[in-house]
Amino acid sequence: GAVVSQHPSRVICKSGTSVKIECRSLDFQATTMFWYRQFPKQSLMLMATSNEGSKATYEQGVEKDKFLINHASLTLSTLTVTSAHPEDSSFYICSARALMAGYTFGSGTRLTVV
Amino acid sequence: RKEVEQDPGPFNVPEGATVAFNCTYSNSASQSFFWYRQDCRKEPKLLMSVYSSGNEDGRFTAQLNRASQYISLLIRDSKLSDSATYLCVVNGDSGYALNFGKGTSLLVTP
């Protein structure tokens, strides 16, 4: 089946630094990748929709200059949290929609900013 | 109003019990409906899609009422391994992005 590989699974960083999260579709081409964020006891909230070769579409309230998304190829999308702060600590997860296979999720990245 | 609403629970039930979860959604134009299961600190995994006619997969039965914008999930003969958070998921306005409910927590006890 369709697999999305997400790295890193866990990262702890200092406040003010940047963190890059990668999602790769391993056996299919992901023209669209969705990036979600989940705070404890909350639902997954869509942050942005990333399309290969074009600019990402951000949801209301999500700062595009803070959460940089790059989708340079059909198999790789990255989310960079720039100048991270403790309030950015969360579970970040990507999802792609594969033909005939529905939505596939990465395994998630737990970010802790100290 | 949230797009997808669920009772957060927790539901604590003994092994073998039958438990039902409900969900309502606000966007009448939604076309796709799912139940996902999420274990603690893990990614969501698809449990089943929900079809208008209702559908069953083993011990799990899902129902959809478009008129009431209501989705349900019934779990029969609960197992310890069913303990998880169950997410009601509906496709969103942007075409293919999913809208998630907060989830309903289930704990099955021996």
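Chain A is the first sequence line, chain B the second, and so forth, proteins listed ahead of strands; every chain is numbered from 1.
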Undergrad: Does the ring center of A/Y103 lie less than 6.0 Å from the ring center of B/Y36?
TA: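 They do not qualify: ring centres at least 6.0 Å apart.
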Undergrad: Should we say atom NZ of B/K42 is surrounded by more than 12 heavy atoms from elsewhere, each under 6.0 Å from it?
TA: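 No - once you tally the heavy atoms of other residues, nucleotides and ligands closer than 6.0 Å, there are 12 at most.
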Undergrad: Relative to chain A, which segment of B/Q38 carries a heavy atom at a distance below 4.5 Å: side chain, backbone, both, or neither?
TA: side chain
Undergrad: Of all the heavy-atom pairs spanning A/S43 and B/G101, show the shortest one and how long it is.
TA: CB-O, 3.1 Å
Undergrad: How about A/M45: does its CE atom have over 12 heavy atoms from other parts shown lying under 6.0 Å from it?
TA: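 Count not over threshold, so no.
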Undergrad: Within this structure, what is the CG-CG distance for the pair A/L46 and B/N99, rounded to the nearest 0.5 Å?
TA: 7.5 Å
Undergrad: Under 4.5 Å heavy-atom distance to chain B, tell me which part of A/L44 shows up: side chain, backbone, both or neither.
TA: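 Both parts, heavy atoms under 4.5 Å.
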Undergrad: Between A/Q6 and chain B, with a heavy-atom cut-off of 4.5 Å, which part of the residue counts as in contact: side chain, backbone, both or neither?
TA: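 Nothing of A/Q6, per the 4.5 Å heavy-atom cut-off to chain B.
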Undergrad: CG of B/L46 to CZ of A/F105: how many Å apart, nearest 0.5 Å?
TA: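 Atom-to-atom, B/L46:CG and A/F105:CZ are 9.0 Å apart.
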Undergrad: Take A/R10 and B/R41, measure what side-chain contact (heavy atoms from CB on, under 4.5 Å) needs, and give me the verdict at the end.
TA: CA-CA 11 Å; A/R10 185 185 299 264; B/R41 304 171 85 85; 3.8 Å; yes
Undergrad: Quick one: pull up NZ in A/K41 and OG1 in B/T85 and give me the separation to the nearest 0.5 Å.
TA: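 Taking NZ in A/K41 and OG1 in B/T85, the distance rounds to 8.5 Å.
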Undergrad: Can you tell me if B/Y51 has over 12 outside heavy atoms packed within less than 6.0 Å of its OH?
TA: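 Atom OH in B/Y51 is not crowded, with 12 or fewer foreign heavy atoms closer than 6.0 Å.
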Undergrad: For A/Y36 and B/L98, which heavy atoms make the closest approach, and how far apart are they?
TA: OH-N, 3.0 Å
Undergrad: Of A/S107, A/C94, A/S95, which meets side chain to side chain contact (heavy atoms under 4.5 Å, CB included) against B/E43?
TA: A/S107
